[in-house]
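A, B, ... follow the sequence lines: proteins, then strands. Residue 1 opens every chain.
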Amino acid sequence: MTSPKNLQSRTVHARETWAKRCDVTLYMSSTETAFPTVALNVSEGRENLYWKTIRAFQYIHDKHLDQADWFFKADDDTFVVVENLHLILSSFNPEEPYYLGRRFSPFVKQGYMSGGAGYVLSKEALRRFVKGFETGECTHFSSIEDMALGKCMETMKVPVVDTRDVLGRHTFHPFPLDKYVIRKPPGPQAWHMIYDHYPVIEGPDCCSDYAVSFHYIRPVQMYMLQYMTYHLRPFAYKYRF
Amino acid sequence: MLKIHTKIHTVQNLNCSSSSLPLIFCSDWGCSSYVYGEMFFNFNDSRMADELYKKVRILCWVMTGPNNLEKKTRHVKATWSRHCNVVVFMSSVDDPDFPTVGLGTKEGRDQLYWKTIRAFHYVYEHHRHEADWFLKADDDTYVIVDNLRWVLSNHTPEEPIYFGRRFKPYTKQGYMSGGAGYVLSKEALKRYVEGFKSKTCTHTTSVEDLAMGQCMEKVGVLAGDSRDTALRETFHPFVPEQHLTSKFPKSFWYWSYCYYPISEGPNCCSDISVSFHYVDSSLMYLLEYYTYHLRAFGYKYRYNPPISSKILYKLQKNKNTNLLIVRIRLNILGKCMFLI
């Protein structure tokens with residue numbers, strides 16, 4: 001999910017690092033460019049986020065449904081380790097309805113997935129999302145994209161999935177690593193900790209070794225994360241997980 | 001009883017007409033092929049790491065001071081220093097609780113080389129039998145000790161040599177950046193201490209890394225090349241972000257100091273980098289997670305550092321490891337294959 005003003009300042013760095021590891025990558029914007037971007041026929045702005053999301057998924061359903069089994073939405077400031085996403089998805093059948101990401105509890109009974117951390121729809125879930133808008137079961141009732149999509153998933157009976165690893169560590173992260181792995185001084189809990197459906201652990205147990213995403217990643221950090229994930233490693237080290 | 005694995009392993013882009021034969025190693029813990037200096041190992045257990053820990057013993061001493069213990073040093077203690085065989089925290093004052101060793105100096109930039117001299121003498125006196133290599137780091141240096149073991153595994157502690165990020169000015173053979181950390185062999189440490197006894201080496205300047213380099217040159221210790229086999233640097237005087245993305249202005253001192261040509265961008269830094277400098281306390285924990293935890297599942301690394309034959313030979317002699325070395329090269333349908 002991007003916009004014309006972000007293409008050269010952010011999106012190009014996502015493209016240079018993780019985005020090429022997807023089987024198909026599409027850059028959704030309000031205008032068509034040689035980047036290349038897809039024009040969604042929606043204006044820019046926070047209030048149009050859910051319209052952009054709806055149009056993006058409809059576009060993918062119309063033009064790209066057969067090219068993939070899973071459909072992952074990320075922001076232009078999300079860093080994604082695509083191989084680890086493959087790992088999680090490999091246990092599920094894409095012809096069944098599934099909706100995966102960082103589960104938040106408020107507003108939707110079964111919960112909804114954080115937009116910034118990125119979320120995945122199975123092929124069947126995508127079909128149901130598009131069908132929901134055709135039949136009117138799903139509507140643009142809010143501009144809060146992640147919550148509204150979560151409500152549509154619930155309406156269309158697409159179940160949520162617990163994406164934590166076997167040790168209960170999170171894989172999708174709506175913030176950069178330092179928000180979780182560095183212990184905070186005692187005080188009132190930040191909003192994002194209250195929204196989390198599953199317990200959030202501070203310190204090294206916050207985050208799985210096979211983490212899938214981090215959000216609010218500045219362009220410079222994209223290259224650093226790419227180096228850390230795909231290059232830097234301790235020689236001969238036997239990983240504990 | 002030697003285990004023989006019979007899998008045919010295809011290697012792409014191998015020049016079959018070349019006269020050098022691929023060398024294959026197979027053992028209980030996986031197969032690897034040695035092709036033109038590249039080795040592909042699957043470490044599904046810790047035998048290689050254990051062997052390196054035993055054979056390449058590293059003592060780390062961390063330069064710090066009483067005012068930094070809470071803000072910085074305790075985070076070094078909680079993260080990378082745990083991977084050293086021995087770690088000693090050097091300060092101006094004794095602190096039995098942390099613990100730190102008191103070197104009997106004052107604090108301050110002008111004391112840096114006095115602290116260094118005393119620290120190496122302390123380590124020589126009290127710990128020289130516990131290690132083969134002696135690393136100096138700052139309390140804002142992050143060190144990946146496992147990778148330091150790789151760099152050192154091709155050398156022996158009896159060689160008069162020291163490694164780090166090599167700078168060129170002021171000295172004939174260059175000297176090692178203090179902040180990026182540097183490591184002396186046991187022989188180098190011995191010559192350092194003897195150099196002071198014989199007054200060959202003295203406190204020439206408070207610029208610690210330069211003074212160390214001048215002494216090393218005088219006592220015949222070689223300034224080693226710590227770059228990997230692709231000639232990428234392993235010791236780094238700045239944080240990863242800066243090496244990977246910054247375009248330093250050409251007037252910046254860094255350009256004229258580095259002994260070897262500087263690469264900006266992804267080629268700046270080896271996959272098996274050893275150190276970074278100016279690492280604040282938060283970044284210590286981030287780097288520990290990024291290095292020892294975060295990885296891409298199933299990813300095949302493009303750079304595979306070769307393992308020294310000395311270490312492999314020692315592993316082979318270990319009765320617990322069945323090792324079969326096979327040199328077979330087949331040319332089938334224009335593709336190079338070898339039997340494992």
Side-chain angles (χ1 to χ4, degrees), chain A residues 13 16-18 21 79-91 165 167 169 171 173 176-184 202-214 217-241, chain B residues 29 41 43-53 75 78-79 83 144-151 153 232 239-246 265-266 268-274 276 281-299 301-303 305 307 311:
Chain A
H13 305 295
E16 291 304 303
T17 54
W18 63 267
R21 298 181 200 273
F79 181 84
V80 184
V81 185
V82 183
E83 289 82 0
N84 293 346
L85 184 54
H86 275 288
L87 176 62
I88 294 179
L89 298 177
S90 60
S91 326
D165 69 18
L167 296 180
R169 297 177 309 190
T171 50
H173 303 281
L177 180 67
D178 57 288
K179 257 287 198 297
Y180 300 104
V181 87
I182 310 291
R183 288 180 211 276
K184 303 283 175 299
E202 266 192 333
D205 277 331
C206 67
C207 314
S208 178
D209 283 21
Y210 294 124
V212 170
S213 68
F214 293 100
I217 303 300
R218 293 176 292 110
V220 163
Q221 284 183 308
M222 293 262 179
Y223 294 98
M224 192 269 294
L225 283 170
Q226 163 144 285
Y227 174 73
M228 295 298 164
T229 314
Y230 297 97
H231 292 272
L232 184 66
R233 60 208 187 265
F235 182 73
Y237 184 69
K238 170 176 164 275
Y239 291 103
R240 300 323 195 237
F241 181 72
Chain B
W29 35 268
F41 271 90
F43 296 108
N44 43 26
D45 66 24
S46 62
R47 267 179 283 201
M48 175 68 66
D50 292 342
E51 191 65 26
L52 282 165
Y53 187 83
H75 305 298
T79 57
H83 304 273
I144 301 152
V145 184
D146 303 72
N147 291 343
L148 180 55
R149 290 200 180 91
W150 177 82
V151 171
S153 64
R232 291 175 307 198
V239 291
E241 263 180 39
Q242 285 177 292
H243 284 286
L244 289 164
T245 61
S246 285
C268 65
C269 314
S270 174
D271 281 19
I272 38 170
S273 283
V274 172
F276 295 98
S281 328
S282 296
L283 189 54
M284 293 275 171
Y285 294 96
L286 301 185
L287 287 175
E288 190 85 359
Y289 171 80
Y290 290 139
T291 313
Y292 291 95
H293 293 271
L294 181 65
R295 57 203 186 276
F297 181 79
Y299 181 70
Y301 291 108
R302 300 318 195 247
Y303 174 72
I307 297 174
I311 298 289

* Structure fact -> So, the part of A:Val220 with a heavy atom under 4.5 Å from chain B: the answer is both
* State, yes or no, whether a side-chain contact exists between A:Cys206 and B:Tyr289 at a heavy-atom distance under 4.5 Å. => no
* Region of A:Ile182 in contact with chain B, defined by heavy-atom distances below 4.5 Å -> side chain
* **Candidates B:Asn147, B:Val151, B:Asp271 - the one meeting side chain to side chain contact (heavy atoms under 4.5 Å, CB included) with A:Phe235** => B:Asn147
* To do: Check whether any side-chain heavy atom of A:Arg233 sits under 4.5 Å from a side-chain heavy atom of B:Asp146, and report yes or no.
  => no
* Check: B:Leu283 main-chain N/O paired with A:Asp178 side-chain donor or acceptor under 3.5 Å -> no
* **Over 12 non-hydrogen atoms of neighbours within 6.0 angstrom of CZ in B:Phe297** => no
* Under 4.5 Å heavy-atom distance to chain A, tell me which part of B:Leu52 shows up: side chain, backbone, both or neither. => side chain
* To do: Looking only at non-hydrogen atoms, find the nearest pair between A:Ala236 and B:Ala49 and report the distance.
  => O-CB, 3.5 Å
* A:Leu85, part contacting chain B, at a heavy-atom distance under 4.5 Å -> neither
* With B:Arg295, the side chain to side chain donor-acceptor pair (under 3.5 Å) member among A:Tyr230, A:Tyr239, A:Tyr210 -> A:Tyr210
* Asked: Which heavy-atom pair separates B:Tyr292 from A:Asp209 by the least distance, and what is that distance?
  -> O-OD2, 4.5 Å
* Asked: How many angstroms lie between CE in A:Met222 and OG1 in B:Thr245, if you round to the nearest 0.5 Å?
  -> 13.0 Å
* Structure fact -> For B:Tyr53, the side-chain contact (heavy atoms from CB on, under 4.5 Å) test, sequence neighbours excluded, returns B:Asn85, B:Arg149
* Structure fact -> Sorted by chain and number, sequence neighbours left out, side-chain contact (heavy atoms from CB on, under 4.5 Å) with B:Thr79 holds for B:Tyr142, B:Met284, B:Tyr285, B:Glu288
* Quick one: CG on B:Leu286 to CE on A:Met224, what's the gap to the nearest 0.5 Å? -> 7.0 Å
* Between A:Arg183 and chain B, which part of the residue has a heavy atom less than 4.5 Å away: side chain, backbone, both or neither? -> neither
* Please look at A:Arg240 and chain B and tell me whether the side chain, the backbone, both or neither of the residue comes under 4.5 angstrom of a heavy atom of that chain. => neither
* **Proximal component of B:Leu294, with respect to chain A [non-hydrogen, under 4.5 Å]** => both
* Asked: So how far is it from A:Tyr227 OH to B:Glu241 CD, rounded to the nearest 0.5 Å?
  -> 13.0 Å
* To do: Output the option from A:Cys207, A:Pro204, A:Pro219 having the highest count of non-hydrogen pairs under 4.5 Å with chain B.
  => A:Cys207
* Please state whether the side chain, the backbone, both or neither of B:Ser270 comes within less than 4.5 Å of a heavy atom of chain A. => backbone
* Does the side chain of A:Leu177 reach to within under 4.5 Å of the side chain of B:Tyr290, using non-hydrogen atoms? -> yes
* Asked: Closest approach of A:Glu83 and B:Ala296, non-hydrogen atoms and distance?
  -> OE1-CB, 3.7 Å
